[in-house]
Engineer: 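Here's a structure for you.
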2 protein chains.
Amino acid sequence: MPEHLTLQFIKFLRGRGYLITRQRRKIAETVFSTPGHFSVEDIHDLLQRKKVSASKPSIYRTLNVLIKSGLVVQYRIGRRFNRFIIVRHDQHYDHLICTKCGRMMEFKNGTIEEQWSQVAKDHEFVITNPRLEIFGFCKKCRVKWPSVNQPAISLGHP
Amino acid sequence: MPEHLTLQFIKFLRGRGYLITRQRRKIAETVFSTPGHFSVEDIHDLLQRKKVSASKPSIYRTLNVLIKSGLVVQYRIGRRFNRFIIVRHDQHYDHLICTKCGRMMEFKNGTIEEQWSQVAKDHEFVITNPRLEIFGFCKKCRVKWPSVNQPAISLGHP
DNA sequence: TTGTGTGCAAACGATTTGCAGTACC
DNA sequence: GGTACTGCAAATCGTTTGCACACAA
């Protein structure tokens, strides 16, 4: 399954005239074998643990290409909470994302999807990645943040 | 209306033991008389044009307090696209947000709201900022950016 | 008077870039 | 062989912080 996605990426590279380098292959393999979400730092650490060299700039550059390929999506939760996740083409899920601990929970809701498509159509708007993210505090983190009206984010986020 | 919000902010400051300084008042006045979304840079420029001194650190610090007060919400679209908007307490709207030009369009959809409340309830999740944001490309920008993949839809996005 | 807020300059940290060397095709 | 990619170091840029001074209460 991870190999499948790596191959899809290689195919994308080939199709767009990108070179298929050792680093790109290794970075993609690492990304696609990571469950859940990951950061640039995560990938860098995982590669080092595997004794594979790939510099941070290369990881950034490759992640950009991965995003262009549509296989990976980027999320920003607060200032220092930059995460990436793998897009699943077979069936996509929507997410509840905790802005405190970064936990993601999946769900699916057809009614919402129908509604948002209609709204976008009405406004001649192109939704780039049809995926719903609901930000807030998960079960574990809500205890510490009792005031529900507190906005999801603050300058100088925890 | 802007004065009304500034007063509400002053009241908040007083209630929480914050000092009511010239800068905080001026920054709040500027923020609340800005239609649509704005950046730290915008506020800084507007104040300079009015010959009012307020340093950037002060603007950042005051925006933090404004966010704490719940009168302003922060959005991040990409790395260098940090925007703030005023929360309207009377009636809230959802937004279509263009990730290219930053344009925001308002809409309202009761069905979606009912659905997401239910989803959150099912997962014991606290939505911090009940507001739906759909990211994508607006009418003007869709031509130039036909296939870029970005996180698209969020509820209470940071 | 007392302590919080301000402004400056410097620090910070994630991300980006210039450039010389490397490696893919 | 030629061009795109890598890695290093340095630059970037928005944001934060330390500190001396100013000012609201």
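These values consider heavy atoms only, across backbone and side chains, with no hydrogens, waters or symmetry-generated copies. The sequence lines fix the lettering, A, B, ..., with proteins before strands; numbering per chain opens at 1.
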Engineer: First locate atom OG of A:Ser69, then atom CZ of A:Arg16, and finally report the distance between them rounded to the nearest 0.5 Å.
Structural biologist: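 These two atoms lie 8.5 Å from each other.
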Engineer: Please report, rounded to the nearest Å, how far the C1' atom of C:dT15 is from the CD1 atom of A:Ile43.
Structural biologist: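 Those two atoms, CD1 and C1', are 16 Å apart.
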Engineer: Just the rounded figure in Å: distance from C1' of D:dG7 to CD1 of A:Ile27.
Structural biologist: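 Roughly 12 Å, once rounded to whole Å.
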Engineer: Please give, in whole Å, the distance from C:dT16 P to A:Leu63 CG?
Structural biologist: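 Taking atom P of C:dT16 as the reference, CG of A:Leu63 is at 10 Å.
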Engineer: Let me confirm one number: the CG-CD1 distance from B:Leu46 to B:Ile27, rounded to the nearest 0.5 Å.
Structural biologist: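 One finds 12.0 Å between CG of B:Leu46 and CD1 of B:Ile27.
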Engineer: Whole angstroms only, please: what is the CZ-P distance between A:Arg24 and C:dC25?
Structural biologist: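 Those two atoms, CZ and P, are 10 Å apart.
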Engineer: Can you check the B:Lys26 NZ to C:dT6 P distance for me, whole Å?
Structural biologist: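 Roughly 14 Å, once rounded to whole Å.
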Engineer: Starting at the 5' end of DNA chain C and moving along, which residue's nearest nucleotide shows up first, A:Pro57 or A:Glu41?
Structural biologist: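 The residue whose closest nucleotide sits nearer the 5' end is A:Glu41.
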Engineer: Below 4.0 angstrom from OP1 or OP2 of C:dT6, is there any side-chain N or O of B:Ser53?
Structural biologist: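 No, outside the criterion.
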Engineer: Calculate the interatomic distance between B:Ile59 atom CD1 and D:dT16 atom C1'; express it in whole Å.
Structural biologist: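 From B:Ile59 CD1 to D:dT16 C1': 14 Å.
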Engineer: Would you indicate, yes or no, if C:dT6 has its OP1 or OP2 atom less than 4.0 angstrom from a side-chain nitrogen or oxygen of B:Arg61?
Structural biologist: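 No, B:Arg61 has no side-chain N/O under 4.0 Å of OP1/OP2 on C:dT6.
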Engineer: How long is the span from the CD atom in A:Gln8 to the NE2 atom in A:His4, to the nearest 0.5 Å?
Structural biologist: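 The distance works out to 4.5 Å.
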Engineer: Just to confirm, is there a sub-4.0 Å distance from OP1 or OP2 of C:dT16 to any side-chain nitrogen or oxygen of A:Tyr60?
Structural biologist: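 Indeed not, no polar side-chain atom of A:Tyr60 lies that close.
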Engineer: Starting from C1' on C:dC24, measure out to CZ on A:Arg25 and report it in whole angstrom.
Structural biologist: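 So the CZ-C1' distance, A:Arg25 to C:dC24, works out to 11 Å.
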Engineer: How many Å lie between CG on B:Asn64 and P on D:dG14, as a whole number?
Structural biologist: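 Computing the B:Asn64:CG to D:dG14:P distance gives 17 Å.
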Engineer: Ignoring hydrogens, what is the shortest heavy-atom contact between B:Tyr18 and B:Arg24? Give both atom names and the distance.
Structural biologist: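 Nearest heavy atoms, B:Tyr18 then B:Arg24: CB-NH1, 3.7 Å.
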Engineer: Can you sort out which residues in residues 10-23 of chain B have a heavy atom within less than 4.0 Å of DNA chain C? Ascending by number, please.
Structural biologist: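 When residues 10-23 of chain B is checked for heavy atoms under 4.0 Å from DNA chain C, the hits, listed by number, are B:Tyr18, B:Leu19, B:Thr21, B:Gln23.
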Engineer: Is A:Asn64 reaching over with its side chain to a backbone N or O of A:Arg61, donor-acceptor style, under 3.5 angstrom?
Structural biologist: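 Flag not set: sc A:Asn64 to bb A:Arg61 has no pair under 3.5 Å.
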Engineer: What are the two closest heavy atoms between A:Ile59 and A:Ala54, and how far apart are they?
Structural biologist: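 For A:Ile59 versus A:Ala54, the nearest heavy atoms are CD1-O, 4.0 Å.
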